[in-house]
Amino acid sequence: MPLNFTSKEVSILLKLIKGIEVYSPKYLGIKDVLIVGDKIGKIDDEVDILGVEVEIIDGKGKRLLPGFIDSHVHITGGGGEGGFKTRTPEIVLSDVIKGGITTIVGTLGTDGITRSLENLYAKAKSLEEEGITTFIYTGSYRVPPVTFTGSIMKDLILIDKVVGVGEIALSDHRSSQPTIEEIKRLVADARVSGILSGKAGVVNIHMGDGEEGLDMLMEIVDTTEIPITQFYPTHVNRNPYLFRQGIEFAKMGGFIDFTTSSDPVFYEEGEVKASKALKKCIEDDLEDNVTLTSDGQGSLPKFNEKRELVGLQVGRVTTLFKEVRDAVFDGVPLEKAIKAITVNPAKILKLSSKGYIKEGYDADMVLIDEEYNIDTVIAKGRIMMKDKKILTYGTFE
Ligand code: ZN
């Protein structure tokens, strides 16, 4: 039976970005990009939709990037290390959109008691209903981890939103001080569940300031068959020693993640600014092994010039692209820098339709202006922000 659509019915499915510099992340030149529903339909020198009215987005003077993936965000809030009143609030949609983020991975954190996986799941579902793509990690800092079903294997295999385990804390005074045998078993279980479910099954590891750094992970890689890519350590730019060890880990084929939420005081204490860490990795030919995440909604102590604690701030997802931008201003080519928040996390987390401006992929995109400011954000074909103005707010904003 032939399907008859009126041109008006077709036109609501279509959006056409005209004459924009496309970074897929690879630079493709100036192109037209047609969005069909929630997918990228066509990328060509010129795309014309004859006889159908279509919403045109003028790309002149702008650059088109894949929507950003932030794979470590405390979407239900985090913190609480200074007592109940320091529990940070939930994220709201407009913050995510302002940051150009179209895919987010939610994680619990230090507190797996007053914060639950069920709540994390519900928040992820609500952000998805509001228009972006979401996933979650099962577990919290602690080993044995909190789970939905009593087993991380069942969680990974049976719950669609769960793509890995984390953040499991190591080398930190707040970690549960797990033994190497416990971590081996945990990572092995995550790996097998990933194989069985076609998911990543990575273990996102919160790295603290402890002297042992990545030693335990290195030992597991040396003494078992578990591939190094099963680990996804984060906060690796926390101090110079951990950063150097992280570079070695990446040279062995591992993935490392740098945190973008910070305070300038921390840089004086040795934290490596994420943009500098990214630059160093790209100079060392490790551009495929590195990601940036914001640690958004995590708690961030705020100090004055005398280094007195004057309050707590909340980590912001908007720092994610800010650090990429700083790296670009520091001489890193844009097409290399954006890999850390697009194709690399998509690969590590096995998100098959994310991370690229490519025909058939999800229409998740960010348009930036000449000064590298986020101008327009499109999530699954829907325009969430245009000309720097938020069009879609969260339900209670
Ligand atoms: Zn952490």
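Remember, it's 1-based here, ligands and their atoms both numbered in the order they're listed.
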query: So which pairs with a foot in residues 346-369 pass salt bridge (charged side-chain N to carboxylate O under 4.0 Å, His left out), sequence neighbours left out?
result: K39-D362, K354-D362, K354-D364, D369-K388
message: Could you check whether K184 and T224, counting side-chain N and O atoms only, form a donor-acceptor pair closer than 3.5 Å?
response: no
- prompt: Do T291 and D257 have side-chain N/O donor and acceptor atoms under 3.5 Å apart?
  reply: yes
- request: Tell me yes or no: between the side chains of D155 and T149, is some donor less than 3.5 Å from an acceptor?
  value: yes
message: Using a 6.0 Å distance limit plus a 45 degree cone around the ring axis, check whether R244 lies over the aromatic ring of F249.
response: no
- prompt: Can you tell me if Y121 and S116 form a side-chain donor-acceptor pair at under 3.5 Å?
  reply: no
message: Restricting to under 2.8 Å, identify the protein N, O or S atoms around the Zn ion (ligand 1) as residue plus atom.
response: E167 OE1, H206 ND1, H235 NE2
